[in-house]
Number of protein chains: 2
Amino acid sequence: MNDRLGDDPELDEEARAPGARTIRDVARLAGVSIGTASKALNANGRLSAKTRAKVLKVAEELDYRPNNLAQSLHRARSMTVGILSNDNYGRFTFPIVAALERRLFDSGIAVFMCNATDDPARERRHIDQLLRKRVDGLIVTARRADRREPIEPAARGLPVVYVFARVDNPDALCLLPDDEGGARLAVEHLARLGRKRIAHITGPEHFEAVRLREKGFRAALASAGLAAPPGACRSGRWSEEWGREAVRDLFARPAAAPDALFCGNDQIARGALDALNEIGLSVPGDVAVVGFDNWEVMTSGARPPLTSVDMNLDALGTAAGDALLQMMAGSKLCGVSRLPCSLVVRASCGAIL
Amino acid sequence: MNDRLGDDPELDEEARAPGARTIRDVARLAGVSIGTASKALNANGRLSAKTRAKVLKVAEELDYRPNNLAQSLHRARSMTVGILSNDNYGRFTFPIVAALERRLFDSGIAVFMCNATDDPARERRHIDQLLRKRVDGLIVTARRADRREPIEPAARGLPVVYVFARVDNPDALCLLPDDEGGARLAVEHLARLGRKRIAHITGPEHFEAVRLREKGFRAALASAGLAAPPGACRSGRWSEEWGREAVRDLFARPAAAPDALFCGNDQIARGALDALNEIGLSVPGDVAVVGFDNWEVMTSGARPPLTSVDMNLDALGTAAGDALLQMMAGSKLCGVSRLPCSLVVRASCGAIL
DNA sequence: TGACTCTGGGAAAAGCTTTTCCCACGCTGT
DNA sequence: ACAGCGTGGGAAAAGCTTTTCCCAGAGTCA
């Protein structure tokens, strides 16, 4: 038996076909059958240590990589999942997807990225493609806006996790941030710092997140024994401009002016900060401000740096990965699960720093 | 022959195994051989119209989807590519990847998303996984910072496109935005509007983009017959804070103050706007400002809305997709290709609106 | 009517692994 | 020395398609 593979003319011959190494090559060069090679590579059957080592050595020298296509075909598990996204901006989706991909990759699963920007036909074609590729599961993400339709029944039997997306089907598993709890966190913090007249400037009411955050806002006020005067909650757009407008309006009569603002997102908060500045009010001296999203580019560019609620999107992504793995292993999971937010304290709320 | 498939007891039997339909099922129910069914589905061999129609009808009724794994195994083309990203933020990568995915999907190719956030070991494992999955090509993206190492030689023979990333290997294809041209666009525009003392506030010098933009800045000044006084170009960080600092410094002696600022990124521009505001200078009245990146959240939140250079990242993504498709079809492409930027004019530069 | 040409469809190999089942060899015990 | 048993490794099927090659039947022409 020739152990010096480096001198084996057969090896040189093989070296010319890169990337196309098969288990046949390994078996032939190791002088064993294909089945034996497979067993050695997978630490599977009963083989002598010598044979096993020989096969592994040859595989290493050939830089052999098993063909996942053939493996998947045989095992009826592709070790891939599809991520269906509808976020054309990517700001929320990206951290989720990144964490998800990391979690799944650590379990040996690769993800197909599919972007179907609110085009139902395109989404159907994507799902069709994923089914042809025999993905083992599906993740569906959306912008927070929409309570979307469940995906096609064709996917029945396939594990599906909706993350940062909500469907009405009670059999579906939806993972979402706890908007209400996040709002409560912010308002409780402000109340604890002694603020008495807390207002809420937020986005369009048709967002469920807006309604939930308002709910949390009111709940926290109530449990802090504070009143929510009429007009203390303003919903508008998600923009800085709206933040500025709302502040100008809220502070038009100084007597009734708030001493704290909880904003529905960091852009609104940023606009609010700018407007307060212009009015001549100091932050956090006269008014404390808390945002939502903890979007670094907004919070750190703001003056003073913005305290903000973090939705822990990466934890959400990791949780979605965990859930999908469980479902792929046979568990039936369903219902709406909301993961906690956290408060990232910076200077704008007037906490001791 | 029973044409009413709805009544066929065999069909009902089959209906219980969802997603597991094979071409055997189609063939059996259509009363033809597997080979014939395949020919009908692929419009391939010579078949009578009747047989073809019969097979297609059965396939439709069964909701049959060919198993891509088996197809790929046979054809030795997986119709998948991997996207290897190192951008942990996603701001630049996301638009590129989205456009890329769209382009490739339209050609029937699915993309594996791999995030290897600057961890070389992780990147190697990702590449290994992709090779096992027998991807037909690879896209490598990076943060603009680094002139990165080419990926492992193991991938030799596999088409690779570097986009928004740069490697020294002359055999590699790199697609990048034309930073220099973008800078020229901005400065020419300012010069055309009559600005005479144009300064440049930009990011860290170790970024190639910073050096190229400065080069474009100086070139455009020269060809407009304007001088670039010493200290007209300041490099620092990519942050709003740096924009504010630099403005305070540049405008310390009003006599030598610029009448226009070209900023290396929108965050710097945003900071500059705020600082100018505080100093009491009007934009664009006293000073015109142009940013870089055309990042919507920055440009539209700014007051006044910010004129900015757009790197056309989606065009870059589409071009990368085109290039990869060509390489997959056999073309050898290499070299560094820079795609044009464009200027998006808003109020901050003082153009007629 | 016989030979020949189409034509439509079938059989089988190939693509790469995994896994089950089985066989042969060598050893043990008497 | 022989029966039996354990052990290591091989053969082959299966997983799902595609494609090539071939055959049978029908039609055509002389």
Side-chain angles (χ1 to χ4, degrees), chain A residues 1 14 17-56 58-59 62-80 108 131-136, chain B residues 1 14 17-56 58-59 62-80 108 131-136:
Chain A
M1 194 186 256
E14 292 306 314
R21 288 294 157 42
T22 74
I23 200 172
R24 309 178 80 90
D25 302 321
V26 176
R28 186 158 37 80
L29 262 65
V32 299
S33 76
I34 294 179
T36 301
S38 174
K39 287 176 208 164
L41 292 167
N42 295 298
N44 233 354
R46 290 184 321 188
L47 264 51
S48 74
K50 205 193 307 179
T51 310
R52 202 179 293 280
K54 172 77 179 165
V55 170
L56 291 178
V58 172
L62 284 184
D63 196 24
Y64 166 71
R65 275 175 244 269
N67 185 329
N68 274 7
L69 269 41
Q71 291 181 318
S72 300
L73 183 59
H74 187 80
R75 296 179 177 148
R77 301 200 69 207
S78 67
M79 304 297 273
T80 59
L131 291 177
R132 286 164 189 256
K133 295 213 174 296
R134 298 296 190 263
V135 291
D136 298 326
Chain B
M1 196 184 254
E14 292 306 315
R21 288 295 159 40
T22 74
I23 201 172
R24 309 178 80 90
D25 301 320
V26 176
R28 185 157 37 79
L29 262 65
V32 299
S33 76
I34 295 179
T36 302
S38 174
K39 287 175 208 164
L41 291 168
N42 296 298
N44 232 353
R46 289 184 320 187
L47 264 51
S48 74
K50 206 194 306 180
T51 309
R52 203 178 292 279
K54 172 76 178 165
V55 171
L56 292 177
V58 171
L62 284 185
D63 196 24
Y64 166 72
R65 274 174 244 271
N67 185 330
N68 274 7
L69 269 41
Q71 290 182 318
S72 299
L73 183 59
H74 186 82
R75 297 178 176 149
R77 300 201 69 207
S78 66
M79 304 298 271
T80 58
L131 291 176
R132 286 165 190 256
K133 295 216 174 294
R134 299 296 191 264
V135 291
D136 298 326

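Chain A is the first sequence line, chain B the second, and so forth, proteins listed ahead of strands; every chain is numbered from 1.
Axis angle across the helix from C:dT1-D:dA30 to C:dT30-D:dA1, with five pairs used at each end and values rounded to 10°: 60°.
Atoms CD1 and CG, on A:Ile23 and A:Asn42 in that order, are 7.0 Å from each other to the nearest 0.5 Å. With values rounded to the nearest 0.5 angstrom, A:Leu29 atom CG is found 8.5 Å from A:Arg21 atom CZ. Taking CZ of B:Arg132 as the start and CG of A:Asn68 as the end, the distance is 6.5 Å to the nearest 0.5 Å.
Considering all non-hydrogen atoms of both residues, A:Asp136 and A:Arg77 come closest at OD1-CA, 3.7 Å. When all heavy atoms of B:Pro66 and B:Gln71 are compared, the pair lying nearest together is CB-NE2, 3.6 Å.
Between B:Leu47 atom CG and C:dG10 atom P the separation is 8 Å, expressed in whole Å.
The one candidate from B:Val55, B:Val32, B:Thr36 that meets the side-chain contact (heavy atoms from CB on, under 4.5 Å) condition with B:Leu47 is B:Thr36.
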Worksheet entry | Where protein sits on nucleotides 13-25 of chain D, one letter per nucleotide: B base, S sugar-phosphate only, - none, heavy atoms under 4.0 Å | -BBBBBBB-----
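Between C:dG8 and B:Thr51, no contact under 4.0 Å exists linking OP1 or OP2 to a side-chain N or O.
Considering only heavy atoms from C-beta on, B:Asp25 comes within 4.5 Å of B:Arg28 through its side chain. Looking at heavy atoms from C-beta onward, B:Ser78 lies in side-chain contact with A:Leu69 at the 4.5 angstrom threshold.
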